[in-house]
Amino acid sequence: MTQPSLLQRPTLDKPFAGPDAPEEKDLYTCVHCGLCLTSCPTYLETGLETESPRGRIALMRAVYEGRLPLSPQVVRHWDLCLACRACEAACPSAVPYGRLIERTRAQVRRRLQRPLRLRLAEAVVFDHLLPFPSRLRTGMGLLRLYQRMGVQGVVRAVRLLRPFPTLASMDSLMPRLPDHFFTARGQVYTPRGTPRGRVALLSGCVMPLVHAPTMRACVRVLTHNGFEVVVPREQVCCGALHIHAGRLDGGRALARQNINAFLGCQPDAIIVASAGCGSAMKEYAHLLKDDPAYADKAHAFSQMVRDIHEFLVALPFTPPQAPLNITVTYQDPCHLAHAQRITQAPRRILQSIPGVRLVEMHNPSRCCGAAGSYQILQREMAERLGQAKLEDALSTGAQVLATANPGCALQLEAGARKRGLPLRVAYVIDLLDEAYRREASAPG
Amino acid sequence: MQAPSALAHALRRIVGEKYVLTTPEALLVYAYDGSVDRSLPGLVVLPGSAEETVQVVRTVREAGWPLVPRGAGTGLSGGAVPLQGAVVLSLARLNRILEIDPDNMRAVVEPGVANLDISKAVQPYGLYYAPDPSSQKACTIGGNIAENAGGPHCLAYGVTTNHVLGLEVVLANGSRVWLGGKLQEEGGYDLRGIVIGSEGMLAVVTKIVVRLLPLPEAVKTLLAVFREIDQASSAVSAIIASGMVPSALEMLDRLTIEAVEPAVHAGYPKEAGAVLLVEVDGLREAVEVQGAQVEAICREMGAVEVRSAENPQERERLWAGRKGALGALGRLAPNYLLLDGVVPRTRIVEALRRIRAISEYYRLPIANVFHAGDGNLHPCILFDERDADQLRRAKEAGGAILKMCVELGGALSGEHGVGLEKQEYMPLYFTPEDLQAMAKLPQAFGSADFLNPGKVFPQGKVPTAFRPTTRLPADAII
Ligand SMILES: Cc1cc2nc3c(=O)[nH]c(=O)nc-3n(C[C@H](O)[C@H](O)[C@H](O)COP(=O)(O)OP(=O)(O)OC[C@H]3O[C@@H](n4cnc5c(N)ncnc54)[C@H](O)[C@@H]3O)c2cc1C
Ligand code: SF4
Ligand code: SF4
């Protein structure tokens with residue numbers, strides 16, 4: 001009835017191997033105290049230990065030790081993990097869960113045949129799109145055309161995409177694309193007032209396309225505070241999506257390219273507006289620690305990375321003078337709150353804007369379900385969490401839901417659009433920029 | 001005994017397909033709790049309501065399987081570890097707060113609600129739920145009841161049983177009854193009090209009426225740093241002797257401080273040999289006076305530094321080290337065996353000295369975090385379970401410490417329960433007659449050999465520490 005080998009002597013081969021296997025010391029740091037359970041969105045939704053951090057680590061350990069075969073049934077539980085790292089922030093033993101799940105996913109990719117459909121889709125996205133800004137731009141350009149020419153309306157009306165759920169969910173996530181994308185061309189923006197220094201800005205992969213206006217807002221906010229802003233031309237996607245999907249080598253290749261691109265222009269700091277990218281870039285040091293040619297550079301690079309809110313608050317930034325008169329609630333992006341442990345800076349910025357009333361929602365740091373490609377691959381859980389987040393935001397009575405990460409913004413915008421909610425989703429930086437601009441245009 | 005597949009089928013009809021788990025990977029993650037013991041369940045079932053719980057209990061009973069209730073699995077004595085391939089009944093989905101009655105200062109909750117979530121929910125009414133185990137953000141109120149959990153603030157306010165008015169329980173025969181109710185005194189036998197602390201062996205708790213307290217007007221937290229643990233212990237005695245009853249009086253020893261600092265950055269100085277955390281609460285003026293008094297006593301006893309905090313953020317920071325202590329010990333070793341013995345407060349210094357000797361004898365580091373105010377020690381033995389000899393030594397050292405507690409005139413368990421961890425040590429403290437009287441209870445409840453079998457009562461296994469081959473040298477612990 002029970003299988004004693006599950007608990008005792010290993011009987012199977014050990015499928016985790018190679019340099020990207022989860023590290024033994026990380027696995028054994030977990031003392032199964034369970035204090036992380038109530039911070040885990042998937043545990044809270046399901047009540048199942050299999051969908052909890054402690055359960056996932058126990059399964060990693062069992063597979064690692066050869067007590068449990070690496071099977072699709074086991075992988076399912078890791079797949080449902082959002083990699084939001086709320087558990088990591090809650091864990092008193094400092095178990096580096098983010099690292100564990102990334103490496104576990106790398107092992108799964110190495111050892112298990114994924115369904116062909118998934119592999120093809122992944123290959124297109126990870127190998128042929130994300131690493132190439134120009135291809136992404138072209139793709140999005142076509143998409144924009146599709147939206148503008150009314151084709152999207154027709155496609156949605158006749159539910160043309162119904163047989164392709166992945167495409168359909170991507171389509172429903174897509175906001176109206178901006179008229180002009182933000183492109184990294186090596187351009188330099190001059191500071192206003194007395195120059196305080198020079199920073200390099202990550203443009204990213206998705207954000208400069210779908211949220212180009214926010215990228216411009218970042219530039220304006222930084223120059224307003226006296227910084228020269230460089231947008232290095234050779235930069236690429238930060239690699240976070242690769243790394244989260246367990247494609248560590250793909251992530252490393254991108255990391256090296258970014259290190260070259262950014263260190264080359266010798267900035268005082270590397271500024272990142274997307275929480276997910278910032279957290280990945282702060283971890284380049286660990287990602288490349290075994291690469292003799294890059295280990296030191298990666299370390300130096302990671303030391304220079306600053307989330308834009310973190311950077312502004314540390315300056316400190318010039319508080320805006322013009323009022324906005326809105327009620328705002330802020331949702332903590334996982335990769336800002338849990339991975340980078342930054343929760344106060346964005347709130348301070350909001351509170352600095354005259355007329356902004358900041359009201360806290362219930363559970364502001366619970367994952368909104370976006371989690372990179374999760375919203376496409378694990379639609380049901382993503383929707384449940386997205387809905388819960390919108391409910392929490394609505395019940396504060398806020399007009400604006402502020403965030404700091406493109407994935408969250410997309411997911412929340414799509415949810416609000418779908419339900420026709422009177423809720424504007426904006427980046428914190430958008431609001432700061434609006435206040436600055438209003439100040440500039442105010443008479444006198 | 002019914003075949004597992006037939007039982008699974010019957011249970012799926014009650015709770016739905018998704019909430020009966022039978023696959024190896026699922027059973028594996030219900031084999032453990034926060035303790036060192038583990039054992040695989042036969043299957044796992046998660047009902048979604050009290051009604052479903054009734055049907056589950058009946059069905060499992062009729063199928064002839066044992067049943068083990070489970071909350072969050074943060075228990076430290078193996079209470080939720082299923083022996084004999086029992087069915088695990090997880091109450092994690094019964095997690096609703098059903099009623100908040102601020103006027104009468106009580107709330108009705110389901111057992112799977114996390115302890116801290118009660119206080120969060122009633123905070124807008126200026127109320128809170130007092131018992132605060134260090135695991136409070138995760139452990140469930142159902143588990144708290146089964147273990148009669150305590151916490152740092154139980155010194156002044158009492159443990160779980162002092163804050164629970166009534167329980168709705170499902171008995172072994174599947175009937176659903178209320179024990180106690182919404183009033184402080186209901187008359188009749190106090191069956192509520194019997195189920196509290198019964199470690200899941202008498203009944204399955206499905207609803208709880210908790211008593212709430214008004215949030216104190218003022219709270220002051222003081223953190224005193226001492227070079228030597230003896231100085232800190234003297235300060236504890238002096239504080240109590242002065243007639244004050246602080247709401248909390250907690251101590252961390254050097255090894256714990258070393259573990260905590262890098263994990264939570266509580267800001268403890270390097271040279272600290274012991275940290276004492278004292279909290280006083282009540283009316284504003286009284287708190288000021290008491291705070292000053294505590295500070296004076298600590299300085300007199302040789303504190304090198306005394307910090308105080310009044311606003312919630314600063315208090316949180318001072319507490320962070322204490323609350324994160326056990327978890328942080330996980331950084332020092334892959335496993336820990338956390339004990340929970342009690343000694344008379346006046347003998348704390350002696351107990352700590354003996355624990356040091358035991359640590360040296362068994363060659364395993366032992367950290368100490370404890371509720372100093374009531375002499376509830378939490379020695380924490382660090383080891384690596386992959387090394388069979390270390391596991392054996394850890395268990396033996398644990399036995400030696402428990403024995404020492406009893407010798408010093410203390411008790412076996414302060415708050416974590418007996419479970420698997422301490423069952424073989426029960427005869428140290430209880431006479432055969434005591435144990436026989438206790439054993440009548442599961443029989444009276446009709447739950448013997450059905451609910452959480454094999455726990456608490458000694459099973460006749462030789463307690464590891466007393467095997468004839470492992471004699472301790474006299475000077476090691478005496
Ligand atoms: C880091 C850490 C710190 C801790 N600090 C403290 C502390 O300060 N004070 C303290 O007292 N404890 C402490 N504990 C121990 C533990 O958290 C408590 O014993 C807690 O009450 C267990 O709750 P749980 O929901 O995790 O129960 P579980 O571990 O799941 O179960 C514990 C017992 O309760 C039974 N049970 C659970 N739910 C029910 C129910 N609904 N009906 C009937 N029986 C049930 C189970 O069968 C089992 O016997 C700590 C644990 C950890 C890991
Ligand atoms: S990950 Fe951390 S918090 Fe969670 S069970 Fe392990 S040690 Fe405890
Ligand atoms: S990363 Fe998020 S979803 Fe994954 S186990 Fe941790 S808390 Fe749960």
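Letters A, B, ... are given to chains in the order of the sequence lines, protein chains preceding strands, and every chain is numbered from 1.
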Tell me, for [X] versus chain B, whether the close heavy atoms (under 4.5 Å) come from the side chain, the backbone, both or neither.
X     : answer
A:R54 : both
A:C36 : neither
A:H77 : side chain

Practice task
Ignoring hydrogens and angles, tell me if any N or O in the side chain of B:K137 forms a donor-acceptor pair with the backbone of A:S39 under 3.5 Å.
Solution key: no

Measure from the side-chain N and O atoms of B:Y32 to the backbone N and O of A:H32, and report whether any donor-acceptor pair falls under 3.5 Å.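 No: the side chain of B:Y32 does not pair with the backbone of A:H32.
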
Are the side chains of [X] and [Y] in touch, meaning some heavy atoms are under 4.5 Å apart?
X      : Y     : result
A:L48  : B:L21 : yes
A:Q73  : B:T23 : no
B:N335 : A:V31 : no

Give the minimum heavy-atom separation between [X] and [Y], together with the two atoms involved.
X     : Y      : value
B:A72 : A:L37  : O-CD1, 3.3 Å
B:V29 : A:A58  : CG1-CB, 4.1 Å
A:T38 : B:A114 : CG2-CB, 4.2 Å
B:A92 : A:G47  : CB-O, 3.5 Å

Query - Lys/Arg N to Asp/Glu carboxylate O, B:E385 vs A:R61, below 4.0 Å - result: yes

Salt-bridge criterion met for B:R386 and A:E24 (N-O under 4.0 Å) |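 So B:R386 pairs with A:E24 through a salt bridge.
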
Against chain A, label [X] side chain, backbone, both or neither, depending on which of its atoms sit under 4.5 Å from a heavy atom there.
X      : value
B:A333 : backbone
B:D117 : neither
B:A328 : both
B:R38  : both

### Message
To the closest 0.5 Å, what do you measure between CG (B:L338) and SG (A:C33)?
### Response
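Reported value, rounded in 0.5 Å steps: 11.0 Å.
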
OG/A:S93 to CG/B:L329 distance, rounded to the nearest 0.5 angstrom?
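Here the interatomic distance stands at 8.0 Å.
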
Residues, nucleotides or ligands: over 12 heavy atoms within 6.0 Å of [X] [atom1]:
X      : atom1 : value
A:H286 : NE2   : yes
B:E316 : CD    : no
A:R348 : CZ    : no
A:R357 : CZ    : no

Notebook entry, point to check: Which residue out of A:L68, A:L35, A:T29 racks up the most heavy-atom pairs below 4.5 Å with chain B?
Noted result: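 Among the listed options, the one with the most contacts to chain B is A:L35.
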
Problem - Top contributor to chain A contacts, counting heavy-atom pairs under 4.5 Å, from B:L332, B:L43, B:T74 - result: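 The residue among B:L332, B:L43, B:T74 with the greatest pair count is B:T74.
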
